[in-house]
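Since the structure comes first, as structure tokens, the remarks are kept for the end.
Just so we're clear, the structure is a prediction, and the values are computed from it rather than from any experiment. Each chain gets a letter, A, B and so on, in the order the sequences are listed, and its residues count up from 1.
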4 protein chains.
Amino acid sequence: MTTITTNIKNPERVRVKHEQIFDAALSLVKKKGFNKMTLRDISKETRMSLGNLYDYIGSKDDILFLIHQKAAKIFEANIDSSGWKDAPPLEKLRKIIEVEFDSKVVCQDLVMLMYQESHELPKEALRNVLGLEEKRITVFEEVVRESIDAGLLRPVNPVVIAHFIITLIDGWVLRRWSIHKKVTADEMKKSIMDMIFSYVLDGAREGA
Amino acid sequence: MTTITTNIKNPERVRVKHEQIFDAALSLVKKKGFNKMTLRDISKETRMSLGNLYDYIGSKDDILFLIHQKAAKIFEANIDSSGWKDAPPLEKLRKIIEVEFDSKVVCQDLVMLMYQESHELPKEALRNVLGLEEKRITVFEEVVRESIDAGLLRPVNPVVIAHFIITLIDGWVLRRWSIHKKVTADEMKKSIMDMIFSYVLDGAREGA
Amino acid sequence: MTTITTNIKNPERVRVKHEQIFDAALSLVKKKGFNKMTLRDISKETRMSLGNLYDYIGSKDDILFLIHQKAAKIFEANIDSSGWKDAPPLEKLRKIIEVEFDSKVVCQDLVMLMYQESHELPKEALRNVLGLEEKRITVFEEVVRESIDAGLLRPVNPVVIAHFIITLIDGWVLRRWSIHKKVTADEMKKSIMDMIFSYVLDGAREGA
Amino acid sequence: MTTITTNIKNPERVRVKHEQIFDAALSLVKKKGFNKMTLRDISKETRMSLGNLYDYIGSKDDILFLIHQKAAKIFEANIDSSGWKDAPPLEKLRKIIEVEFDSKVVCQDLVMLMYQESHELPKEALRNVLGLEEKRITVFEEVVRESIDAGLLRPVNPVVIAHFIITLIDGWVLRRWSIHKKVTADEMKKSIMDMIFSYVLDGAREGA
DNA sequence: GATGAATGAGTATTCATTCAT
DNA sequence: CATGAATGAATACTCATTCAT
């Protein structure tokens, strides 16, 4: 398993320090990008000495990995805690789209970071992170599949739909420099919802 | 205007060398990312001496700007040369979506680079690049607007639709690690087309 | 205040290392001039690693500033510790001239450096250094003024006299390539002393 | 003989170009110092191409030598053309002091440059330049000697006097940052004159 | 004689990482 | 566990100089 190297025995202590490092790093990466962020920056921001910092991480890349992992956990947790599982099928879909959208809007920095900096991760770590994301997408696929099986949706490809959902939501963040001036988050959420449902409910007009 | 600094007087020579630099840089950025690409790498790859390289650029950032500018031009040119203007309204829309998709598929490296490295650009250069992209999006908006005005489409927000089109197409490239194993480009192109048209033609089911 | 940047927390350590850097730099500047002296030279000479060197200075210019500051301190200290203050007025003047001369003779390298390299200092640092020198000159002015007030000297302009004293003494160092072959330091000291006193005691012959 | 390398046959052409180079270089050295002045700067300022520049000089150091040589010639010429030779002995001395002072005041940039940058000259060239200066000083020595021989002055050491004269005059320029605010050139000229004459006419008071 | 493109060694500076205390 | 000083490889950029045309 991909793990962050640490010399420290007390796991709780590690958890707390990792939390601090995450906070500092996220704000710094946002400000200057991962490459221009230095470990001295982190050291200053966390008020840990440089040497101590290295007791909790094995390398600078570990910090990036830490952020990605945490991000994955956050997005997963947001879905999990939304209680979507208790809703009826179609409502489930609507619910997780909504939660995912809200979640991504709140954590825009994380979204940006995942698209912009993930390629800086060492291969192994990248694989790990992508694996987590892949697992997360499966939830969307399953929900769609369930509705199809229940005859509530056209027999579309759940993989494609899940991909569209994530893409459209992330697009709202990734292209914010262009779109946020022109469309509000609520409008966008509604548009995405309509777009997805217009497609899965009634079906395509065969592209005109 | 944002321009790349050069000491060389012969503009044709500059054009040619910039081409070479672009080629080398694109492949190197793809391989190691912009930050880990060194000017020595470029120098070796282009077989220009380090000093000579600096006769054609003002700084390393200029190389990134060069790529972005060139990318913008390529995507613009692909649309322009597709003859979409001569088609009837709805066909126009279909056409530019198709061309944009094909264009982005061919230049996946450029797409990745634009999302991953644009934040490394100096502010001024970034503004410039985003401006070009914004201008490009306008084409999509106009085509949608025209069809709406002609009563061929529902009165959707052209800004949103244009945004969706670009987002869905770019999503196919950005998330290729996940989706390319599962869905072919042609399937995806058709799905995107259907998705867009199902939305603009008939309309949303009010999100279930 | 103009200060040398350092990352090191222990001030005593900083003091010691600055001392080492000063020693190395002075000898190197003497040998090759400030511009041709490289930080690698300093690093080698001080046996500090390049990175560590930069923990004690902020830039190469800081080294030049370090030397200038130190030089100013040395010349000031030499005067201060000479006990001139306890002498009677005219004797005071004689004393500080003598001390200044001896001081400059011992530190000829510093004198050369101050005239040759000070223009390489950043503006702010230069201002600072000139300020220190100006303050130092004031001592000479005051001593002259005191003797004048006591009726022991003609009412000459103390500013001019102080300027002459420093100029004549520094001239012995600056033009050593010419004069040291022909006149000994002791002769010169006596000549300068006579010259100054012949002027302030009895007065000019109205330029012949 | 120390000479500046050139490939060009036509000596008049060389003279003219050297003149241009001198003008450009002097102003540039004044502005940024010899080290920070680049040959590209010179090229731009003289509107000669870089290659062409190298047809008239052998190296960057040649430019510094060119300036020094020219400076020496100027100071020499100023003395020569002053008609001092036709004056009676004491008047001769007074005259050349005055001319030297005026000459140095007009060419302050050259004076600064000679003290600040001469150590950048290659050994051979430095020797050459110092030789010219030495020769120039001899004039002062001779004039003093003549007056002594004529019984018009005390039997002082002419070498010392000549040295003092040059030193005091150059001091007015070298320390201008301090003294120009407080004393005018005319006052200074008079003070120097008085100082010298008070010393050579009547003699020292044995240093109090 | 003139042009301007090319060369490449050289330099200040940064920063991830280590380690003695 | 924590500190902070030390290491040194790496890198963007400059500039004197050369040379084909």
Can you list everything that forms a salt bridge (charged side-chain N to carboxylate O under 4.0 Å, His left out) with [X]? Sequence neighbours excluded, please.
X        : result
B/Arg127 : B/Glu124
D/Glu45  : none
D/Glu120 : C/Lys36
A/Asp61  : none

- Report yes if some heavy atom in the side chain of D/His119 is under 4.5 Å from a heavy atom in the side chain of C/Glu117; otherwise report no. yes

Round to the nearest Å and state the distance from [X] atom [atom1] to [N] atom [atom2].
X       : N      : atom1 : atom2 : value
C/Asp55 : E/dC15 : CG    : P     : 13 Å
C/Met48 : F/dG4  : CE    : C1'   : 14 Å
C/Ile63 : E/dT11 : CD1   : P     : 14 Å
C/Ile57 : E/dT11 : CD1   : C1'   : 13 Å
A/Leu53 : F/dA5  : CG    : P     : 16 Å
B/Ile42 : F/dA10 : CD1   : C1'   : 17 Å
C/Lys44 : E/dG10 : NZ    : P     : 12 Å

* To do: Examine F/dA6: is either OP1 or OP2 under 4.0 Å from a nitrogen or oxygen in the side chain of C/Tyr56? Give yes or no.
  =>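 Checking C/Tyr56 against F/dA6: at least one side-chain N or O falls below 4.0 Å of OP1 or OP2.
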
B/S/- along nucleotides 16-21 of chain F (protein heavy atoms under 4.0 Å) is BBBB--

ask   = How is B/Lys17 classified with respect to the nucleic acid when contacts are heavy atoms under 4.0 Å: base, sugar-phosphate, or nothing?
value =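 B/Lys17: backbone/sugar contact only, no base atoms under 4.0 Å.
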
Set of side-chain hydrogen bond (donor to acceptor under 3.5 Å, both in side chains) partners for [X], sequence neighbours left out:
X       : value
D/His18 : none
C/Asn52 : C/Asp55
B/Lys44 : none
D/Ser59 : none

In numerical order, the residues of residues 7-16 of chain C whose heavy atoms come under 4.0 Å of DNA chain F are C/Asn7, C/Ile8, C/Lys9, C/Asn10, C/Arg13

DNA chain F in dot-bracket form (Watson-Crick or G-U pairs under 3.5 Å, [ ] crossing, | inter-strand) is .||||||||||||||||||||

In short, salt bridge (charged side-chain N to carboxylate O under 4.0 Å, His left out) pairs touching residues 3-14 of chain D with sequence neighbours left out are D/Glu12-D/Arg15

Pairing of A/Asp41 and A/Lys31 as salt bridge, 4.0 angstrom limit =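 Looking at A/Asp41 and A/Lys31, the cut-off is not met.
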
